[in-house]
Enquirer: 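My structure is below; once you've seen it, I'll send some questions.
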Amino acid sequence: MVRVRFAPSPTGFLHIGSLRTALYNFLFARHHGGVCILRIEDTDRTRFVEGAIEEQINSLAWAGVTFDEGPHVGGNYGPYVQSERFDLYRTYGMQLVESGHAYYAFDTAEELDAMRVRQQAAGIAPKYDRSSMRNQYTLGEQETQRLLAEAAPHVIRLKVPLTADVRFHDEIRGDVVVAGREIDDQILLKSDGFPTYHLANVVDDHLMEITHVIRAEEWLPSTPKHVLLYEAFGWKAPTFAHVPLMLNPDRTKMSKRHGDVMVRDFAAKGYFPDALVNFVALCGWNPAEDREIYAMQELIDRFTLDRVHRAGAVFDYKKLEWMNAEYLRAKDCAALANALLPSLEAAGYTHREPTYVARVIELLRERVTFLHDITTFGDYLFGDTLAALDQATEASLQGDAALRAALAAFRDGLSDDILADADAFKGLAKASAEAAGLAMGKFMKPLRVVVTHRDVGADLHPTLQLLGAERCKSRLDAFLS
RNA sequence: GCACCGUUCGUCUAGAGGUUAGGACACCGCUCUUUCACAGCGGUAACACGGGUUCGAGUCCCGUACGGUGUACCA
């Protein structure tokens, strides 16, 4: 049985990169009929943000990523919040001390800083120096016990075997080998008693029977420590898969400075969740087909780890926009109308009967990226108070006698019957223009401007048809008067 | 600095020794459209570099360069 987990820390909103990691876990689990687990990694109390857990779960749910086990749904492997598993980590950490795989260290932050400064000055890699710092080995058993007895602040560190290489297989990157001498004696239990990520994730992944650890590439360098921990405990390590990072245009780790990066930002901007999921799924993975649009179930059917790309992927906002527009064009207009209704009401528009709104959407959606664009793009269809025309345009239109004559003739001939028939509409427009000695091009454009106060929009005939003869006439009258 | 990972059009990618190196976004044309868009058609544009291995290398090996990540009592 495949069991995977997405393990965010509650330090803020859900990052788009985290969404993708969660999505890959979700797709992998569903593809294999396995279990997808949400685990909260809140072992750093200083970075905890109130409400972040709920916020992240909401973003995930919005995107359609759901969990079979987690703090919000329960499960047989709980609790799913690490701070509620506090005692567990101490127990396992001590087990390692007893078996000789970990040890006590008493160094202060200042002493550690000094050590690093020394090492950098000497041109060597900053790494805990087990033989010169204040720890169980340098202090001796007696002194260690004495310090512990008087409750001196201390941490538990992993005793990394210096001689052997650590090797593991990554499903995406292949075999990875790191020399033991390169690996730091990582702190396992902090002086506040909380575990570090490294201890907690290994203990929990084992206890929760996680089979595949699918996480971001930034974890690759610390994976050897985790492998060492599994070995020290005598546990079988899960299969690792480190997915590539999502990048800024300058190829650094995706961050705020280059645009929106939080899932809620994308939602607020008007992206459809299925479009965002579709896009993000294809950012670093693809099923090798000549198509781009995939529904969630289609992603599930196709998702495999061996098709995850190895290099980081620059996040292309332009392509995301294109994809959102694709979804906008494909969705059911009645449903879209329902979704648009609240903002139409908020904007105070008068014409917002659902079937009418659906027809407006049908007419205009080919021209916009977001559903809410239609609110402003089609304002002349929803309301009868038109956007102000700029002075120069107004003046030149008003000053054109031939145009006024043509518009008047058009106005007089207009009826819903005429609008119901494309040929009849065209005939009327043509007759009106010609009678005033106007070329069609000199008539149709101004007609659009006068009726909609905009120079771009959908085809004029269906637009006027949607408006109805009455509303068209009153706008023409307003101009002519 | 050191460790690890990576490198195919501007971007996302296909490619698992023999391809005119394919698709998508973006960009540029043309067609359609009495507007803008959509759509259709067409175009510009890539195997980082150097050595091997091989009859043959984008594909395999080794270097180099460049980039990223990591290097915390953060995850």
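Because the structure is predicted, anything quoted here is derived from the model rather than measured. Chain letters run A, B, ... following the sequence lines, proteins first, then strands; residues in each count from 1.
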Enquirer: What's the closest nucleotide to the A/R307 side chain, out of B/G15, B/G1, B/C5?
Expert: B/G15
Enquirer: In whole angstrom, give me the gap between the C1' atoms of B/A46 and B/C32.
Expert: 33 Å
Enquirer: Can you tell me the base-pairing partner of B/U59? Count Watson-Crick or G-U wobble geometry only, both distances below 3.5 Å, and say none if there is no partner.
Expert: none
Enquirer: In Watson-Crick or G-U wobble terms, both distances under 3.5 Å, what is the partner of B/C47?
Expert: none
Enquirer: Applying a 3.5 Å limit to both distances, which nucleotide forms a Watson-Crick or G-U wobble pair with B/G1?
Expert: B/U71
Enquirer: Base of B/A26, side chain of A/K319 - is there a donor-acceptor contact under 3.5 Å?
Expert: no
Enquirer: Can a cation-pi geometry be assigned to A/R130 and A/Y128, taking NZ or CZ under 6.0 Å from the six-membered ring centre and within 45° of the ring axis?
Expert: no
Enquirer: Measure from NZ or CZ of A/R264 to the centre of the six-membered ring of A/F13 and say whether it is under 6.0 Å with the direction within 45° of the ring axis.
Expert: yes
Enquirer: Mind checking the C1' distance from B/G23 to B/A14? Whole angstroms is fine.
Expert: 7 Å
Enquirer: Is A/R291 touching bases, backbone alone, or none of the nucleic acid, heavy atoms closer than 4.0 Å?
Expert: nothing
Enquirer: Looking for any heavy atom pair under 4.0 Å, which part of the strands does A/A7 touch: base, sugar-phosphate only, or nothing?
Expert: nothing
Enquirer: For B/C30, give its Watson-Crick or G-U wobble partner with both distances under 3.5 Å, or none.
Expert: B/G40
Enquirer: Where the side chain of A/K253 is concerned, which of B/U35, B/G70, B/C12 is the nearest nucleotide?
Expert: B/G70
Enquirer: Checking all strands, does A/R310 fall into the base, sugar-phosphate, or nothing category for heavy-atom contacts under 4.0 angstrom?
Expert: sugar-phosphate
Enquirer: How close or far is atom C1' of B/U71 from atom CD1 of A/I187, stated in whole angstroms?
Expert: 14 Å
Enquirer: Between B/U33, B/U13, B/C5, which one does the side chain of A/D459 approach most closely?
Expert: B/U33
Enquirer: Measure the acute angle between the ring planes of A/H461 and A/F425, then classify it against the limits of 30° and 60° as parallel, tilted or perpendicular.
Expert: tilted
Enquirer: Let's test this: given Watson-Crick or G-U wobble pairing with both distances under 3.5 Å, identify the partner of B/A14.
Expert: none
Enquirer: Select from A/D250 and A/I124 the residue whose nearest nucleotide in RNA chain B is closer to the 5' end of that strand.
Expert: A/I124
Enquirer: With sugar-phosphate meaning primed atoms plus P, OP1 and OP2, does A/R157 contact a base, only sugar-phosphate, or nothing at under 4.0 Å between heavy atoms?
Expert: sugar-phosphate
Enquirer: When you measure from the centre of the six-membered ring of A/F279, is the NZ or CZ of A/K319 under 6.0 Å away and within 45° of the axis?
Expert: no
Enquirer: Mind checking if A/T11 touches a base, just sugar-phosphate, or nothing, with heavy atoms under 4.0 Å?
Expert: nothing
Enquirer: Strictly by Watson-Crick or wobble contacts shorter than 3.5 Å, is anything paired with B/U7, and which nucleotide is it?
Expert: B/A65
Enquirer: Hey, which sits more toward the 5' end of RNA chain B by its nearest nucleotide, A/V456 or A/T46?
Expert: A/V456
Enquirer: Counting side-chain heavy atoms from C-beta on, which of B/A39, B/U69, B/G23 comes nearest to A/D290?
Expert: B/G23
